[in-house]
Amino acid sequence: MNTIKNLIRGNKLFQKYHLGDFKEDLEYSIKNGQKPDVLLISCCDSRVTTDFMFGNKPGDLFVLRNIGNFVPIFNSKTDFFSVASAIEYAVNILGVSNIIVCGHSYCGACESLYNEIPKENTNIIKWLEIAKPVKEFTLKKDYANKQELYRATEKNSIIFQMQNLLTYPIIKEKIDKQELKIHGWYYNLDDGSILAYNEKLKKYRRLN
């Protein structure tokens, strides 16, 4: 069975066995509009299964996925309109009260910061420039091996993206009014656990 046929089969099984579990919630959201409480900024990595790892149901999360779960610094003339507009829509239109920047282990984007990218990949090269400060900060310390360097880069990147969110005027305004909270989560592909960044302690702690 090829990949596309397998996806079609999976959709039929979803309709038959799972859609009914969400029927009431979906009908309500279709009639009244979506009202998610969380903007989840996650990576495009196919191993990060946002529909499963949180046990959420349709309507719970407004999800923005991109390579590396990066957040470009606010700029009204930015080239990264898709990210900025998604953030704006979630905060201004949907009125989410939480933003989660969710990075993960074995992130290809973070590893790519240390590798030469073939020059024909112009968009990837430009995109990775967002995380250049992450690389510079991470390299201020020494690491036993590349894997340790990559894990540190992944975790540092989450913190930088949280800081970048604060450059958006509407986000800063809502945080000052205590109408919005920003969270930094690190998803471990090995065991499915999540570490949360504690701003006061300046370290990650496992979610209970």
Side-chain angles (χ1 to χ4, degrees), residues 7 10-11 13-15 17-72 74 80-110 130 154-155 157-166 168 170-172 174-175 177-189 191-199 204-208:
L7 291 175
N11 176 253
L13 291 174
F14 168 74
Q15 293 177 62
Y17 295 109
H18 302 293
L19 185 60
D21 296 338
F22 312 117
K23 193 73 172 176
E24 187 176 334
D25 292 317
L26 282 171
E27 288 177 347
Y28 181 86
S29 66
I30 290 170
K31 181 180 179 180
N32 300 283
Q34 61 169 322
K35 293 180 174 60
D37 188 48
V38 176
L39 164 61
L40 177 70
I41 302 176
S42 179
C43 185
C44 289
D45 194 303
S46 60
R47 299 164 296 179
V48 179
T49 53
T50 58
D51 288 333
F52 297 103
M53 57 199 250
F54 300 120
N56 54 290
K57 61 183 184 297
D60 287 346
L61 303 175
F62 187 72
V63 182
L64 165 59
R65 300 188 72 159
N66 62 52
I67 295 175
N69 47 269
F70 294 162
V71 176
F74 177 79
F80 306 117
F81 285 115
S82 64
V83 176
S85 61
I87 292 171
E88 188 174 279
Y89 188 82
V91 176
N92 280 348
I93 308 302
L94 298 178
V96 299
S97 57
N98 292 279
I99 298 177
I100 300 173
V101 178
C102 185
H104 67 96
S105 58
Y106 308 104
C107 178
C110 288
I130 296 172
E154 293 156 0
K155 293 174 181 176
S157 179
I158 294 170
I159 299 169
F160 272 75
Q161 309 318 318
M162 293 169 67
Q163 293 171 349
N164 286 354
L165 280 169
L166 295 177
Y168 290 72
I170 185 60
I171 290 180
K172 184 66 167 59
K174 285 187 174 290
I175 287 178
K177 292 180 178 179
Q178 297 185 332
E179 297 175 352
L180 180 67
K181 291 182 180 180
I182 296 177
H183 312 266
W185 288 5
Y186 179 79
Y187 178 65
N188 192 326
L189 291 179
D191 60 11
S193 63
I194 294 176
L195 299 176
Y197 183 68
N198 187 303
E199 180 66 34
Y204 284 88
R205 286 189 154 186
R206 187 161 180 158
L207 285 178
N208 295 322

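- The minimum heavy-atom distance linking Val71 with Ile41 is given by the pair CG2-CD1, 3.9 Å.
- Side-chain contact between Val48 and Tyr106 is absent, with no heavy atoms from C-beta onward closer than 4.5 Å.
- Minimum heavy-atom separation, Leu40 to Leu61: CD2-CD1, 4.0 Å.
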Next on the checklist: Quick one, Leu207 with Trp185, criterion side-chain contact (heavy atoms from CB on, under 4.5 Å). Give me CA distance, side-chain angles, the key distance, then yes/no.
Outcome noted: CA-CA 9 Å; Leu207 285 178; Trp185 288 5; 3.8 Å; yes

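- Partner of Leu165 under the side-chain contact (heavy atoms from CB on, under 4.5 Å) criterion, chosen from Leu180, Leu39, Ile99: Ile99.
- Using a distance-only test at 3.5 Å, with no hydrogens or angles considered, no donor-acceptor pair links the side chain of Ser193 to the main chain of Asn188.
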Checklist entry - Under the side-chain contact (heavy atoms from CB on, under 4.5 Å) criterion, do Val91 and Tyr168 qualify, and how do the steps go? => result CA-CA 10 Å; Val91 176; Tyr168 290 72; over 6 Å; no

Next on the checklist: Please determine whether side-chain contact (heavy atoms from CB on, under 4.5 Å) holds for the pair Ile159 and Tyr204, giving the CA-CA distance in whole Å, both sets of side-chain angles, and the decisive distance to 0.1 Å.
Outcome noted: CA-CA 10 Å; Ile159 299 169; Tyr204 284 88; 3.8 Å; yes

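- Contact annotation: the side chain of Phe54 approaches that of Ile194 to within less than 4.5 Å [non-hydrogen atoms, C-beta and beyond].
- Cation-pi geometry between Lys155 and Tyr186 is met: under 6.0 angstrom from the ring centre, within 45 degrees of the axis.
- A pairwise comparison of heavy atoms in Ala90 and Leu94 identifies O-CB, 3.4 Å as the closest pair.
- The aromatic ring centres of Phe80 and Phe70 sit 6.0 Å or more apart.
- With a 4.5 Å cut-off on side-chain heavy atoms, Val63 and Asp51 do not count as touching.
- Shortest non-hydrogen contact noted between Arg65 and Asp45 is NH2-O, 3.0 Å.
- For the pair Ile67 and Cys44, the tightest heavy-atom approach, listed with the atom from each and the gap, is N-SG, 3.6 Å.
- Residues Cys102 and Tyr187 share a closest heavy-atom pair of SG-CB, 4.2 Å.
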Checklist entry - Yes or no on side-chain contact (heavy atoms from CB on, under 4.5 Å) for Ile170 and Lys174, after CA distance, side-chain angles and deciding distance? => result CA-CA 6 Å; Ile170 185 60; Lys174 285 187 174 290; 4.0 Å; yes

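- Using a 4.5 Å cut-off on side-chain heavy atoms (C-beta onward), Val83 and Leu64 make contact.
- Side-chain N or O atoms of Asp60 include one that pairs as donor or acceptor with a backbone N or O of Lys57 at under 3.5 Å.
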